[in-house]
J.: 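Can you keep this structure in mind? I'll have questions shortly.
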Amino acid sequence: MKYCVECKKLYDGADTMCTECNKKFKNIVDINEPVQLCVVGGVDRNRICGALKDAEIPFLERQYGAMGVANEVVTGYDAKLLNINILVPYSALPKAYEIAVALEVADESMKPLVEKVAEDVEAYKQKYLAENENMSSKKRTGIKILSVVLLLALVAAVVWGTDYIMELIKKLFGG
């Protein structure tokens, strides 16, 4: 799955540039990468943000598009409250999209993309579980103990090395 680094929209296909902001697409490599859920304003913004908080889905709000003082004067609305891009982690997009559909603020054209995201996330979870199942609890505990021993050895080496260097410096300067 690809996304635009500027507007955070998801894309799936042969395109290489975003049609909205003319930026190159990047492949999603981190399932926590923020992606666009919807663009809302006013009451809809408050509703979707409240629902995401209730569902404990992390989200970001970001101004979408150019909104200036002229728009504020012409429309009579505070431009900072209009066209807010709601971003959620890639892995949380399917659940967040269900909420957006229920609140009628979702873009219906995103449905096929969200289904692919759900498949990607499920595949990632299966891969992660398979990797962790291969390691027994004894092996995991052994690795943790070895890591602690190595950390303590590193700290001891730094302390002893610093003491040794200080003694050399004292000898050089007659101390």
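Since we're looking at a predicted model, the values are computed, not measured. Only heavy atoms go into these numbers, but all of them, side chains included; no hydrogens, no water, no symmetry mates.
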J.: Specify the closest pair of heavy atoms between Tyr11 and Cys4, including all atoms of both residues, with the distance to one decimal.
T.: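 Heavy-atom minimum between the residues: CE1-CB, 4.3 Å.
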J.: Tell me every residue that passes salt bridge (charged side-chain N to carboxylate O under 4.0 Å, His left out) with Lys95, counting only those two or more places apart in sequence or in another chain.
T.: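 With sequence neighbours excluded, Lys95 shows a salt bridge (charged side-chain N to carboxylate O under 4.0 Å, His left out) to no residue whatsoever.
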J.: Check for a donor-acceptor pair, side chain of Lys53 on one end and backbone N or O of Ile48 on the other, with a separation under 3.5 Å.
T.: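 Side chain of Lys53 to backbone of Ile48, a donor-acceptor pair under 3.5 Å: no, none is there.
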J.: Give a yes or no on whether Val101 and Ile99 share a hydrophobic cluster (residues Ile, Leu, Val, Met, Phe, Trp, Tyr; joining criterion: side-chain heavy atoms under 4.5 Å apart).
T.: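 Yes, same cluster.
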J.: Please assess Met110 against Leu93 for the test side-chain contact (heavy atoms from CB on, under 4.5 Å), listing each intermediate value before the final yes or no.
T.: CA-CA 11 Å; Met110 276 185 62; Leu93 184 63; 4.3 Å; yes
J.: Please name all residues satisfying salt bridge (charged side-chain N to carboxylate O under 4.0 Å, His left out) with Arg62, sequence neighbours left out, ordered by chain then number.
T.: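 Partners of Arg62 by the salt bridge (charged side-chain N to carboxylate O under 4.0 Å, His left out) criterion come out as none, since no residue qualifies.
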J.: I need the Leu60 CG to Ile84 CD1 distance, nearest 0.5 Å.
T.: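 Leu60 CG to Ile84 CD1: 12.0 Å, rounded to 0.5 Å.
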J.: Membership question, hydrophobic clusters at under 4.5 Å side-chain separation (ILVMFWY): are Val43 and Ile86 in the same one?
T.: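 No, it is not one cluster - the side chains of Ile86 and Val43 are not joined through contacts under 4.5 Å.
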J.: Testing the basics here: between Pro94 and Val117, what is the closest heavy-atom pair and its distance to 0.1 Å?
T.: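 Looks like CD-CG1, 3.8 Å.
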J.: Leu10 versus Val114: any side-chain heavy-atom pair under 4.5 Å?
T.: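 They are not in side-chain contact.
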J.: Cys49 vs Glu61, test: side-chain contact (heavy atoms from CB on, under 4.5 Å). Steps then yes/no.
T.: CA-CA 9 Å; Cys49 290; Glu61 298 177 74; 3.7 Å; yes
J.: Is a donor on one side and an acceptor on the other found under 3.5 Å between the side chain of Asn85 and the backbone of Cys7?
T.: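 Looks like yes, one N/O pair under 3.5 Å.
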J.: Find the distance between CG (Leu146) and OG1 (Thr141) and round it off to the nearest 0.5 Å.
T.: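 If I round to the nearest 0.5 Å, the distance is 12.5 Å.
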J.: Which heavy-atom pair separates Lys23 from Val5 by the least distance, and what is that distance?
T.: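 Taking every non-hydrogen atom into account, CB-CG2, 4.5 Å.
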J.: Can you tell me which residue pairs pass the salt bridge (Lys or Arg N to Asp or Glu O under 4.0 Å) test with a partner in residues 105-124, sequence neighbours excluded?
T.: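 Salt bridge (Lys or Arg N to Asp or Glu O under 4.0 Å) check on residues 105-124 returns Asp12-Lys116.
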J.: For the atom pair NZ (Lys9) and SG (Cys18), what is the distance rounded to the nearest 0.5 Å?
T.: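 These two atoms lie 7.0 Å from each other.
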J.: Taking transitive links into account, so neighbours of neighbours count too, which hydrophobic residues share a cluster with Leu154 at under 4.5 Å side-chain distance?
T.: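 Direct or chained contacts put Leu154 with none.
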J.: What residues join Tyr164 in its hydrophobic cluster, counting side-chain heavy atom gaps under 4.5 Å, either direct or through other members?
T.: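 Its cluster partners, ordered by chain and number, are Leu168.
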J.: For residues Leu52 and Val88, determine if any side-chain heavy atom of one lies less than 4.5 Å from a side-chain heavy atom of the other.
T.: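 The answer is yes, as the side chains (C-beta and beyond) meet within the 4.5 Å cut-off.
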J.: Please determine whether residues Ile57 and Leu113 belong to a single hydrophobic cluster, defined as Ile, Leu, Val, Met, Phe, Trp and Tyr linked transitively by side-chain heavy-atom distances below 4.5 Å.
T.: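 Yes, Ile57 and Leu113 fall within the same hydrophobic cluster.
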J.: Side chains of residues 27-40: which donor-acceptor pairs under 3.5 Å do they make with residues two or more places apart or in other chains?
T.:
residue: Asp30; atom: OD1; partner: Asn32; partner atom: N; Å: 3.0
residue: Glu33; atom: OE2; partner: Tyr3; partner atom: OH; Å: 3.1
residue: Glu33; atom: OE2; partner: Lys8; partner atom: NZ; Å: 3.3

J.: Is any side-chain heavy atom of Met17 less than 4.5 Å from a side-chain heavy atom of Phe25?
T.: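 No, every pair of side-chain atoms sits at 4.5 Å or beyond.
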J.: Return the minimal non-hydrogen interatomic distance between Pro112 and Ser109, and the atom names on each side.
T.: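 Closest approach of Pro112 to Ser109: CD-O, 3.4 Å.
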J.: Are side-chain heavy atoms of Ile143 and Ile145 found at a separation under 4.5 Å?
T.: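 No - every pair of side-chain heavy atoms lies 4.5 Å or more apart.
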